[in-house]
Amino acid sequence: MYTCKSCGAEIAADMKFCGTCGAPVERPEAPPGSMPAAGKTGAGKLKKLIVPVMILAVVMIAASVVFNAFKPSKYETVKGVIFIWQDDDEVVIEPSGESKTKIDGVLVSQLRSFDGTKAALLINEDGTGSSYNSDGYTLYHVSDKVNRITDGVYDAKLSLSGDGIAFTKEVDYSANEGELYLWINGNVNEITSPLIGAHFAANIGYCISPDGRTVAFTYVGLDGEDIIGAYPYYSTKLNGAVHGDDVQLVAIADDAKYVYYNKNSAFYVMKGSDDNSKQKLGENVYQYYFNSDLSQIVYTSDEKSYISRNGGEKQSLSGSVGYFLMPRGTSQHDYVIGISSFADTFFHSGGNSAGITRINAKFEASSVARDRNINGAVLADDGRTIIYSKSGGLYKIDGLKENADTVELVDGDVDGFIVTKDGSTIYFNSYNEAAPSELYYQKGTGKPIVIDASFSSFSYGPLAIFKEDILYYVDNFELYVFTGAKGKLVSEFDDKVIGVSAGLYSIIVRTTDGSKEFSYHSTDGKTWELEATYPAY
């Protein structure tokens, strides 16, 4: 309380004027160093503390969202497409978005890079119109332009990166010898010349590392032994690291970090040139899958499946590996699939553990869905949502969630199905002997919606998804594109359409006039290019 200096009446602390005489209140100044009221001080400090904390929390949440949105996926996808086809006596080359190049000759073979943006071609340019030439072929490298490398090439291997090509010349198969070269960064280097008293065993083979900077090959020593060596353009020295008869290379990692080979029917992995590091992975290995840098391998030996990591001992997996479930558009090249690691991946398995199997973060196998009737299965691009068919029905499960519940999507006579890249929409056709087949689409677990009530398709592939989510389908030998309301006829084809396939960057349509079959491609679904003609079956 205060006292009014005019009339002496008591005044409350929060009053600005005296309630008795109306005089303005004059309060004494606080002495230096004194503190304001405790309640107001605490509130002010708390307010000053809360604001920065809230801002920091918002920033952290935003950063987390951005990181998860843009963090690298373990799955490597195709980045483009190069169209290569024979047109009468010319080879036509059309990189995506680039103009065509035409080369006189016959296409003998074509090799593609892991991401689809580069290629290597062998073309017979001798003018005979044949795909065989005893003197070899002309080697080309294709990226955004076409480079002619050299003539007289018998065989070639393109690295996964598309930046290196190993190739052979002057091959005498009867004598099992020839010359081996490496093309990289525009330069050609002979490989076998440093091996004094030895020659490249042309009948046994060679391989190139993913980055194209290391070539491993088998050569024959002075005593007649088969020996594995490597040309170290930029790699660990490997010459003469493995000796013996019946030595055959399988694969070599960058810088010769891991070397995989067969010897006397046994399968081995070795680290660099250290023969003491070799691990025997099994006998009679007939199926294998590598991750993208070849540091991990999943393989089948004597009807059992295993995994080896970083050149180490094998670990057993349950069931035999049929195929890995990969998001649509994932790169795959023969035995190498576009994943950085097999941790938290899925494969369709057979045998006693038939169904869908997960390799977890500890590289141990566990069942996601076990049933011998599971056949088609796809993985959405989130890397965890699996949609599969079983006994005519369609089901969905979260493959990374322990003891996840299976969600039934379609209970019916499903004949075939296809799923958009994000897994949100399913297209499927039913099959019933007593009624016409029907084509449906379904979003999530919603109600199926009819696209075509009398779907009739006798083709190599009736359904295809172009880019992310555009459905093309073949019905009664005609091509349709689904626009969200109904199917729209693609009228560019006069002949019967017998098949359609598509990816993220192109769509392929096959037609027939009864005597011949034709293949067309498109990058936009509007303009079509005839790329091949075949005899009709």
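Computation of the quantities below employed the complete heavy-atom set of this structure, encompassing side-chain atoms and omitting hydrogens, waters and symmetry-equivalent molecules.
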query: Hey, is CG on Asp494 packed in by over 12 heavy atoms from elsewhere, all under 6.0 Å?
result: no
- prompt: Does any non-hydrogen side-chain atom of Val321 lie less than 4.5 Å from one of Ser349?
  reply: no
field: Row check, Phe346 ring normal vs Arg384 NZ/CZ: under 6.0 Å, within 45°
entry: no
message: So, taking the atom named OG1 in Thr150 and the one named CZ in Arg148, what distance separates them when rounded to the nearest 0.5 Å?
response: 7.5 Å
field: Ion pair check, Lys102 and Glu94, cut-off under 4.0 Å
entry: no
task: Please test Phe114 against Val336 for side chain to side chain contact (heavy atoms under 4.5 Å, CB included), starting from the C-alpha separation and ending with a verdict.
output: CA-CA 9 Å; Phe114 209 42; Val336 183; 4.0 Å; yes
- request: Evaluate the ring planes of His348 and Tyr323, with Trp represented by its six-membered ring, and classify them as parallel (under 30°), tilted (30 to 60°) or perpendicular (over 60°).
  value: parallel
task: State which residues pass side-chain hydrogen bond (donor to acceptor under 3.5 Å, both in side chains) with Thr117; sequence neighbours excluded, sorted by chain then number.
output: Asp115
- prompt: Any ion pair linking Lys100 and Glu90 (charged N to carboxylate O, less than 4.0 Å)?
  reply: no
- request: Determine yes or no for a side-chain-to-main-chain donor-acceptor pair under 3.5 angstrom, with Asn429 supplying the side chain and Asp415 the backbone.
  value: no
field: Candidates Tyr335, Phe324, Tyr299 - the one meeting ring-ring contact (aromatic ring centres under 6.0 Å, His included) with Tyr289
entry: Phe324
query: Given side chains that start at C-beta, do those of Ile252 and Thr214 come closer than 4.5 Å, heavy atoms only?
result: yes
message: Is it the case that the side chain of Ser320 and the backbone of Lys304 share a donor-acceptor pair, with hydrogens and angles ignored and the cut-off at 3.5 Å?
response: no
task: Please name the residue in the list Leu379, Ile339, Asp381 that meets the side chain to side chain contact (heavy atoms under 4.5 Å, CB included) test with Met326.
output: Ile339
field: Student check: side-chain heavy atoms of Ser301 and Leu281 closer than 4.5 Å
entry: no
- request: Mind listing the closest non-hydrogen atom pair of Asp344 and Tyr75 along with its distance?
  value: O-OH, 4.1 Å
query: For the side chain of Gln248 and the backbone of Val250, is there at least one donor-acceptor N/O pair under 3.5 Å apart?
result: no
task: Report the C-alpha separation of Gln296 and Phe290 in whole Å, then their side-chain angles, then the decisive distance to 0.1 Å, and conclude whether the side chain to side chain contact (heavy atoms under 4.5 Å, CB included) test is met.
output: CA-CA 6 Å; Gln296 301 174 12; Phe290 289 98; over 6 Å; no
Shortest non-hydrogen separation from Ser340 to Ser292 and the atoms involved: CA-OG, 4.0 Å
- prompt: Roughly how far, to the nearest 0.5 Å, is OG of Ser341 from CZ of Phe363?
  reply: 3.5 Å
- prompt: Is Glu125 reaching over with its side chain to a backbone N or O of Asp151, donor-acceptor style, under 3.5 angstrom?
  reply: no
query: Any sub-3.5 Å donor-acceptor pair from Asn310's side-chain atoms to Gly312's backbone N or O?
result: no
task: Enter the distance from Glu170:CD to Asp135:CG here, rounded to the nearest 0.5 Å.
output: 9.0 Å
message: Would you call the rings of Phe482 and Tyr427 parallel, tilted or perpendicular, taking 30° and 60° as the class edges?
response: perpendicular
- prompt: Hey, are the side chains of Phe417 and Ile387 touching, using non-hydrogen atoms and a 4.5 Å cut-off?
  reply: yes
message: So does Thr128 get a backbone contact from the side chain of Asp126, meaning a donor-acceptor N/O pair under 3.5 Å?
response: yes
- line: In terms of heavy-atom contacts, Ser99 and Pro95 come closest through O-CD, 3.9 Å
message: Between Thr523 and Tyr505, does the side chain to side chain contact (heavy atoms under 4.5 Å, CB included) criterion hold? Intermediate values first, please.
response: CA-CA 6 Å; Thr523 57; Tyr505 297 95; over 6 Å; no
- prompt: Distance-only, no hydrogens or angles: does the Ser308 side chain make a donor-acceptor pair with backbone N or O of Ile297 under 3.5 Å?
  reply: no
message: Under a 3.5 Å cutoff, is there a donor and acceptor pairing between the side chains of Asn291 and Asp293?
response: yes
message: How long is the straight-line distance from OG of Ser522 back to CD of Glu531, given to the nearest 0.5 Å?
response: 11.0 Å
query: Yes or no on side chain to side chain contact (heavy atoms under 4.5 Å, CB included) for Leu121 and Ile93, after CA distance, side-chain angles and deciding distance?
result: CA-CA 10 Å; Leu121 310 179; Ile93 305 166; 3.5 Å; yes
task: For the residue pair Arg112 and Leu158, establish whether any side-chain heavy-atom pair is separated by less than 4.5 Å.
output: no
query: Looking only at side chains, do Thr512 and Glu517 share a donor and an acceptor under 3.5 Å apart?
result: no
- prompt: Are side-chain heavy atoms of Ser305 and Thr300 found at a separation under 4.5 Å?
  reply: yes
- request: To the nearest 0.5 Å, tell me how far Ile208 CD1 sits from Ser159 OG.
  value: 5.0 Å
- line: Exactly one candidate in Tyr520, Phe493, Phe518 meets ring-ring contact (aromatic ring centres under 6.0 Å, His included) with Trp528; the answer is Phe493
- request: Compare all side-chain heavy atoms of Val106 with those of Val91 and state whether any distance is below 4.5 angstrom.
  value: no
message: Using modelled atom types and a 3.5 Å cut-off, is there a donor and acceptor pairing between side-chain atoms of Asp524 and backbone atoms of Thr527?
response: yes
- prompt: Is Lys118 salt-bridged to Asp163, going by a charged N under 4.0 Å from an acidic O?
  reply: yes
- line: d(Leu504 CG, Thr330 OG1) to nearest 0.5 Å is 8.5 Å
message: Going by side chain to side chain contact (heavy atoms under 4.5 Å, CB included), name the residues that satisfy it together with Thr168, two or more places apart in sequence or in a different chain.
response: Tyr154, Asp155, Val171, Leu180, Phe200, Tyr206
- request: Please name the pair of heavy atoms, one in Leu463 and one in Gly416, separated by the smallest distance, quoted to 0.1 Å.
  value: CD1-O, 4.4 Å
query: Taking all non-hydrogen atoms of both residues, which atom of Arg328 and which atom of Val419 are closest, and how far apart?
result: NE-O, 4.2 Å
message: When you compare the side chain of Leu182 with that of Phe167, does any pair of heavy atoms fall below 4.5 Å?
response: no
query: His141 side chain to Trp183 main-chain N or O, any donor-acceptor pair under 3.5 Å?
result: no
query: Sub-3.5 Å donor-acceptor pair from the side chain of Asn124 to the main-chain atoms of Gly105, do we have one?
result: no
message: Using a 6.0 Å cut-off, check whether atom NZ of Lys496 has over 12 heavy atoms from anything other than its own residue.
response: no
field: Considering all heavy atoms, the nearest Gly212-Ser161 contact
entry: N-OG, 4.3 Å
- prompt: side chain to side chain contact (heavy atoms under 4.5 Å, CB included) with Tyr473: which of Leu479, Ile465, Ile451, Val500?
  reply: Ile451
